Amino acid sequence: MGDSSYNYKMFKCFNRKFKASEAGPPPDVKAIFSKFAQGGDLMSVDQFRSFLVEHQGEPADAVTPSDAHRILQEFSRRHPGEAAHHHQHVRGLTLEDFFNFLFLEEPMKKQIHHDMTAPISHYFIYTGHNSYLTGNQLSSDCSDVPIIKALEKGVKVIELDLWPNSAKDDVQVLHGRTLTTPVTLVKCLKSIKEHAFVKSPYPVVITFEDHLTPKLQAKVAEMVIQTFGDTLYYPVAEDQMVEFPSPESLKNRIIISTKPPKEGSGKDSSEEDEKSGSDGEPAIDKANAAEAKSFQQSAPEYKLLITIHAGKPSGELKDALAVGDKVRRLSLSEQKLEKAAEDHGTDVVRFTSKNILRVYPKGTRFNSSNYKPHVGWMHGAQMVAFNMQGNDKYNWLMHGMFRANGGCGYIKKPDFLMHKGPNDEVFDPKNTLTVKKTLKVKVYMGNGWHLDFSRTHFDSFSPPDFYTKVYIVGVPADCGKQKTKIIEDEWIPVWDEEFTFPLTIPELAILRIEVREYDRSEKDDFGGQNCLPVSELKPGIRAVPLYDKKGEKFKSVKLLMRFQFV
């Protein structure tokens, strides 16, 4: 008997667990409907158009009355059986239709809308670090699979470390002086060729960290030319460039960035040395010094293929940041950048207005973790290189930032980073700034968990207890975090709370949203996340899709939110 009553109790729990109570429209939604429908039960096509223009900030010339009609027709086709649509003639929206429509409103601009004709040094570029590693930095496999995944996400700078194989007759890609298993260079190049432009037509930069003899450098030049053919762009003149070409002019092209071989010596490779803690030249370079003497005659092709000449700071950092006639790329580790920012902040900004700065994770991040990208961005660093293998919060931010500008992998730097005053003065990241605009974020409700998660995923015996955390991640003055109250036992939580974030540099601010499920006894469960560049947010009521920890979008989970700039 006890057994069946226990089952009955369980059954009651499960019933309660199963049912997602239908939450009606929040008060704001009702009020907005009433306002635009002028108190009626139906919002006409014209009234709906007024709502899109006046409340959602759509440009009036972009939403004509016939556009509004088409949007409603499309909506009624996707939601048949709801009131107010008869045959093909759409009369308007009921409150319920209107509420459902809001769950389809995208939170961000979708298209590429930045000027793409400036030199590539005027853009932040989506950049990978050790792009060939499948996991940690010390013992994971090297493969072309993470390269393909990165390119499909929209990454535009791929880094390959080049080493001779044991027979010294071929080139392998691996993380030097570690136990990572190698992959051949030619395989990586072929995968880059096949996937370079799946996300956008803008150029892919391959950065080589190379530890090769001149003979093998000549072989690399041959492989690169054979694999890429006309897709490869390199400067016609032998001279280093005075200004970089634009992303627009380099559409569907692949370019190489590496350190040009010095005459009379093999390559040196300071990033590897910094990572591994050794100093001086790797032994391989000493062994090849003799062979390198004849290098300029034997493999000039390698040098000619380099579009972005790279170097590491040797000697004083201030000297390394001097702006010369020829444009180049400088690489700094995250610690070196922090030091440069502390001591020579304006020199870094001045350098990056014309030259390219690449920042890479410090060598001790063996677990492929990442660092705060904003130090680099606020000093104009174009290539903030990230380990894309991990699912850390910094990766979420990086992926979020590069959803901007249609996800094309290039984001035009804010004007203040490019601007020079009458006496050549530049932006000083240390200055205290005034608030430029304030973002108001309202979190109405969430929906979709009951469709994407098993009934017992969050709690064995009761519906989940969700709350939302809202962060601004940006320059230090703009960072802030808030959270909603916990709504207990509810698959469709309604919070209806508003938060205010004053912003001094909205251009670099990212809105980070994370839903958690409160757990009394252990760590709170993860319910989804999204990171949205503030500069791309559309005002009004928007449905924000949530992603899992790996950055994959959930099928149904969305938050209904409102964004206002004041």
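All figures in this text were calculated on a predicted structure; none of them were measured in a lab.
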Check: G380 main-chain N/O paired with K413 side-chain donor or acceptor under 3.5 Å: yes
Working note: D428 + T346, criterion side-chain hydrogen bond (donor to acceptor under 3.5 Å, both in side chains); need CA distance, chi angles, decisive distance, verdict. CA-CA 5 Å; D428 184 349; T346 51; 5.8 Å; no
With no hydrogens and no angle check, do the side chains of S368 and Q137 hold a donor and an acceptor under 3.5 Å apart? yes
So does L559 get a backbone contact from the side chain of R542, meaning a donor-acceptor N/O pair under 3.5 Å? no
In terms of heavy-atom contacts, I505 and F427 come closest through CD1-CZ, 3.9 Å
Would you please test W396 and E514 for side-chain contact (heavy atoms from CB on, under 4.5 Å) and show each step? CA-CA 11 Å; W396 301 348; E514 189 176 342; 3.9 Å; yes
Can you tell me if NE2 on H113 sees more than 12 non-hydrogen neighbours from other groups inside 6.0 Å? yes
Determine the minimum heavy-atom distance between A320 and L330, stating which atoms define it. O-CD2, 3.9 Å
Between S353 and M418, is there a donor-acceptor pair closer than 3.5 Å when you use the side chain of the first and the backbone of the second? no
Counting only heavy atoms not in K109, do more than 12 sit closer than 6.0 Å to its NZ atom? yes
Answer yes or no: are there more than 12 heavy-atom neighbours, outside D415 itself, under 6.0 Å from its atom CG? no
Between K312 and E209, is there a side-chain N and carboxylate O pair less than 4.0 Å apart? yes
Taking side chain as C-beta onward, heavy atoms only, is Y371 less than 4.5 Å from K362? no
Close side-chain approach of P533 and M108, heavy atoms under 4.5 Å: yes
I'd like to know whether NZ of K187 has more than 12 heavy-atom contacts from other residues, nucleotides or ligands below 6.0 angstrom. no
Which atom of N423 lies closest to which atom of E425, heavy atoms considered: N-OE1, 2.7 Å
Donor-acceptor contact below 3.5 Å, side chain T134 vs main chain D141: yes
I411 side chain reached by Y123 side chain, heavy atoms, under 4.5 Å: no
Can you tell me if N387 uses its side chain to pair, donor with acceptor, with the backbone of S369 under 3.5 Å? yes
Among I192, V205, V224, T227, find the one that has a side-chain contact (heavy atoms from CB on, under 4.5 Å) with I254. I192
For L162, does its backbone N or O pair with a side-chain atom of D210 as donor and acceptor, under 3.5 Å? no
Just by distance, do the side chain of K219 and the backbone of D169 share a donor-acceptor pair under 3.5 Å? yes
Testing the basics here: between K354 and V242, what is the closest heavy-atom pair and its distance to 0.1 Å? CE-O, 3.6 Å
Under the criterion side-chain contact (heavy atoms from CB on, under 4.5 Å), I'd like the reasoning laid out for V384 against F124: C-alpha separation, chi angles, the key distance, then a yes or no. CA-CA 8 Å; V384 175; F124 295 129; over 6 Å; no
List the steps, then state whether side-chain hydrogen bond (donor to acceptor under 3.5 Å, both in side chains) holds for N165 with D170. CA-CA 6 Å; N165 64 349; D170 196 11; 5.0 Å; no
Any luck finding a side-chain donor-acceptor pair between S333 and Q335 under 3.5 Å? yes
How close do K430 and A341 get, heavy atom to heavy atom, and via which atoms? NZ-O, 3.3 Å
Check whether the side chains of T231 and K193 place a donor and an acceptor atom closer than 3.5 Å, and report yes or no. no
K372 bridged to E334 by N-O distance under 4.0 Å: no
Heavy atoms of other groups near Q111 CD, more than 12 under 6.0 Å: yes
Find the distance between CG (L305) and CG (L232) and round it off to the nearest 0.5 Å. 6.0 Å
Does any part of the side chain of C408, heavy atoms only, come nearer than 4.5 Å to the side chain of M116, both counted from C-beta? yes
N431 side chain vs L433 backbone, donor-acceptor pair below 3.5 Å: no
Close side-chain approach of N130 and T180, heavy atoms under 4.5 Å: no
Just how far is it from atom OG1 of T352 to atom CD of Q382, taken to the nearest 0.5 Å? 5.5 Å
With side-chain contact (heavy atoms from CB on, under 4.5 Å) as the criterion, how do F565 and K436 come out once you've worked through the C-alpha distance, each side chain's angles and the decisive distance to 0.1 Å? CA-CA 10 Å; F565 289 102; K436 249 196 217 167; over 6 Å; no
Tell me, with the steps shown, if V375 and V359 meet side-chain contact (heavy atoms from CB on, under 4.5 Å). CA-CA 10 Å; V375 184; V359 184; over 6 Å; no
Could you pull out the closest heavy-atom pair between V473 and R512, with the gap in Å? CG2-CB, 4.4 Å
Can you check whether I356 reaches M383 side chain to side chain, under 4.5 Å on heavy atoms? yes
Distance, nearest 0.5 Å, that separates NE2 of H175 from OG1 of T181: 13.5 Å
Are K549 and F526 in a cation-pi setup, meaning NZ or CZ lies under 6.0 angstrom from the ring centre and within 45 degrees of the ring axis? yes
Once you round to the nearest 0.5 Å, how far does OG1 of T207 lie from OH of Y360? 12.0 Å
Does L508 reach the side chain of D478, with side-chain heavy atoms less than 4.5 Å apart? no
Distance (rounded to the nearest 0.5 Å) between S121 OG and R329 CZ: 14.0 Å
Does E243 reach the main-chain N or O of V327 with its side chain, forming a donor-acceptor pair under 3.5 Å? no
Can you list the residues that meet the salt bridge (Lys or Arg N to Asp or Glu O under 4.0 Å) rule with R403, with sequence neighbours excluded? none
For the pair D343 and K318, find out whether any cationic side-chain nitrogen is under 4.0 Å from an anionic carboxylate oxygen. no
Is any side-chain heavy atom of T307 closer than 4.5 Å to a side-chain heavy atom of M241? yes
Please confirm whether the backbone N or O of L321 pairs with a side-chain atom of D347, one donor and one acceptor, at under 3.5 Å? no
From the list K156, K199, K153, H399, side-chain hydrogen bond (donor to acceptor under 3.5 Å, both in side chains) with Y126 holds only for H399
Give, for atom CG of D144 and atom NZ of K190, the distance between the pair rounded to the nearest 0.5 Å. 11.0 Å
